[in-house]
Amino acid sequence: MCGIVGAIADRDVVPVLIEGLKRLEYRGYDSAGIAIVAEEAVRRVRRTGRVAEMEAAAGAEDFHASLGIGHTRWATHGGVTEGNAHPHISHGELALVHNGIIENHEQQRERLLALGYTFESQTDTEVIAHLIHHYQSQGHDLLVALQHAVKELDGAYAIAVISKRDPQRMVCARMGCPLLVGLGEGENFVASDVSAIVSATRRVIFLEEGDTAELTREQVRVFDASGAEIPRDVHVSDVSLASLELGPYRHFMQKEIHEQPRAIADTIEAIIDRNSFVSAMFGENAEDIFRDIEAVQILACGTSYYAGLTARYWIEAIAGLPCAVDIASEYRYRQVVANPKQLIVTISQSGETLDTMEALKYAKSLGQQRTLSICNVPESAIPRASELVFYTRAGAEIGVASTKAFTTQLVALFVLTCTLAKLHGRLDAEQEAEMLEALRHLPGSVQHALNLEPQIVAWSERFAPKQHALFLGRGVHYPIALEGALKLKEISYIHAEAYPAGELKHGPLALVDAAMPVVVIAPNDKLLEKVKSNIQEVRARGGEMFVFTDQDSHFSESEGVHVIRTPRHVGVLSPIVHAIPVQLLAYHAALARGTDVDKPRNLAKSVTVE
Ligand code: G6P
């Protein structure tokens with residue numbers, strides 16, 4: 001969703017702001033803007049559409065300055081218009097960018113109107129600019145004015161502010177939305193995501209909830225929620241520039257699909273090196289916590305939720321622990337029956353999805369203190385709020401449609417399952433060796449599945465003209481059918497639904513005709529014969545079947561039944577291998593339809609609003 005970048009330097013920061021905004025594009029946005037303080041004036045350029053259009057406008061208006069802020073906006077309050085795009089300006093003097101939502105903006109607006117302020121936009125953000133300006137006008141300096149203003153805000157925010165009254169500094173604040181400060185040599189930066197500033201510096205301070213900060217060229221000072229100056233740790237980011245570049249690929253999604261063997265190998269590296277499932281990989285106290293728990297509750301959104309649904313089959317079958325999986329936005333508003341002996345597992349690629357964070361806070365407020373975060377972004381909010389952490393090592397995921405994050409989440413959840421099983425006496429040494437062996441072969445099996453791409457391209461051409469598609473799976477492959485349908489609808493805009501194949505006759509069969517392609521995930525597991533019967537039910541109604549199965553399933557092609565074979569059955573890890581062909585099918589169907597694969601309409605990479 002929205003992105004922030006800001007810089008104060010001895011050089012022209014406009015190129016830094018533009019590059020930063022381009023690196024934030026992947027998060028999803030619909031307008032962009034920058035504001036600078038130059039020659040004692042605040043200047044601004046905003047455009048709906050792509051950063052490149054705003055860049056061209058800034059070039060035409062000869063924008064250069066050593067102090068500036070930039071923003072990509074994903075509309076929430078107020079439509080996608082130039083007037084609603086950030087930065088917002090108060091009295092021609094102060095410019096502000098904001099991520100998050102101000103819940104009491106209507107009350108603040110009334111108050112500010114009474115104070116004589118006028119509003120140009122429909123956003124919740126504009127009240128913050130006027131509020132800070134109001135305190136500045138009472139004689140406070142920019143930092144103190146910001147600190148006063150944020151005390152009056154309810155909701156979530158990451159804010160960066162510049163003012164022509166104070167052209168030697170930039171101030172910022174964070175509550176509920178990520179914000180970091182980048183430390184350079186004689187120059188400093190703010191950003192909502194380290195990727196925005198990584199080509200300028202890797203040394204960063206992650207601001208804590210309630211922090212405010214003041215940046216000059218030479219110095220950064222951070223203050224906690226009470227206003228006291230506080231030292232915060234400096235981290236060195238290991239985000240690789242290569243993971244942020246497209247390289248020889250046409251789309252980030254394509255690149256990330258093909259990176260999966262490497263991403264999985266990196267994620268399991270420590271386990272393979274130790275040749276053992278060691279609880280310490282989840283954190284210092286993990287062994288005591290894992291031994292003591294009696295159940296698992298998984299909370300997540302989107303693709304991460306489907307990873308959780310897959311893991312339920314493993315955790316119950318292998319570790320013998322009851323496992324519930326909830327969509328975070330549902331869990332957080334449900335009257336949950338708490339179980340302090342339950343391990344709360346959040347799954348989030350970004351580590352900043354608001355609903356997942358709030359579900360975690362709610363779970364903890366009910367006395368469920370044993371929390372584990374499975375996350376791909378170090379130091380993000382959700383792992384920081386969790387007692388235990390397992391970082392997937394997928395590298396930066398830029399495509400909005402999650403691919404390598406999903407398969408590495410599945411790997412992490414499988415490692416969790418085996419670790420729990422071992423501690424609960426359900427995995428003896430021989431079984432542990434088998435599971436480790438399966439993991440060791442996984443990157444190779446995933447590579448074999450990727451090699452099916454040419455066959456899948458041929459299928460995708462038949463999919464591209466369709467309006468609807470149905471995905472079927474059973475057991476542990478049902479969540480993969482769900483993920484396949486989600487991928488297809490997200491990026492190709494073909495309406496797709498997934499069902500457990502046994503449920504077909506209870507409704508969706510009514511939709512089946514020759515115009516409805518039916519994708520089936522049908523590897524050689526104990527439910528294969530049942531799935532074959534379900535396929536007959538579809539064929540009998542004239543439906544066209546596209547079956548992903550493995551080498552040893554003895555599935556044959558026949559009229560209206562197309563078959564692609566993944567490698568030999570990889571046993572318990574089969575859902576991970578079968579995620580690959582459904583990703584490729586969605587990608588190539590979207591290519592054939594000519595959609596914007598990496599930035600599908602209306603969607604965002606990190607959903608930091610409700
Ligand atoms: C958005 C993204 C999805 C992602 C979901 C959850 O909808 O577009 O790809 O699965 O958020 O995100 P998270 O970062 O919490 O895994």
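The structure presented is a predicted model; accordingly, all values stated were derived computationally and were not measured.
Legend: residues meeting salt bridge (charged side-chain N to carboxylate O under 4.0 Å, His left out) with K255, ordered by chain and number and at least two apart, are E259. Remark: S192 engages I4, L24, N99 in a side-chain contact (heavy atoms from CB on, under 4.5 Å) (not counting sequence neighbours). For K361, the side-chain hydrogen bond (donor to acceptor under 3.5 Å, both in side chains) criterion is met by E358, not counting sequence neighbours. In terms of the side-chain hydrogen bond (donor to acceptor under 3.5 Å, both in side chains) criterion, residue partners of S121 (sequence neighbours excluded) are, by chain and number, T123, E126. The side-chain contact (heavy atoms from CB on, under 4.5 Å) check on A58 picks up I34, V45, F63, with sequence neighbours excluded. With sequence neighbours left out, the side-chain contact (heavy atoms from CB on, under 4.5 Å) criterion links A359 to L299, A328, Y331, R332. In this structure V389 satisfies the side-chain contact (heavy atoms from CB on, under 4.5 Å) test together with P383, Y391, sequence neighbours excluded. Taking the side-chain hydrogen bond (donor to acceptor under 3.5 Å, both in side chains) definition, one finds that Y333 meets it with E610, sequence neighbours left out.
With respect to R11 and E187, a salt bridge is recorded, a charged nitrogen being found less than 4.0 Å from a carboxylate O. Between R221 and E229 there is a salt bridge, since a side-chain N of the basic residue sits under 4.0 Å from a carboxylate O of the acidic one. Ionic pairing of E185 and R217 is not present here: no N-O contact between side-chain nitrogen and carboxylate oxygen is shorter than 4.0 angstrom.
Nearest heavy-atom pair, T48 versus T81, reported as atom, atom and distance to 0.1 Å: CG2-C, 3.5 Å. Between I491 and A590 the shortest heavy-atom distance is O-CB, 3.4 Å. The minimum heavy-atom distance between A65 and V37, with the atom names listed, is CB-O, 3.7 Å.
In this structure a side-chain-to-backbone donor-acceptor pair under 3.5 Å is missing from K164 to R43.
Applying the ring pair (Phe, Tyr, Trp, His ring centres under 6.0 Å) test to pairs two or more places apart or on separate chains, those with a residue in residues 185-212 are F206-H235. Under the ring pair (Phe, Tyr, Trp, His ring centres under 6.0 Å) criterion, no residue pair touches residues 22-54, with sequence neighbours excluded. Sorted by first then second residue, the ring pair (Phe, Tyr, Trp, His ring centres under 6.0 Å) pairs that include residues 143-165, not counting sequence neighbours, are Y135-H148, H140-H148.
Taking the ring centre of Y493 as origin, the terminal cationic atom of R593 falls outside the region bounded by 6.0 Å and 45° from the ring axis.
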Show me the donor-acceptor pairs, under 3.5 Å and distance only, between side chains in residues 112-119 and residues at least two apart or in other chains.
residue: Y117; atom: OH; partner: H133; partner atom: ND1; Å: 2.8
residue: Y117; atom: OH; partner: H134; partner atom: N; Å: 3.1

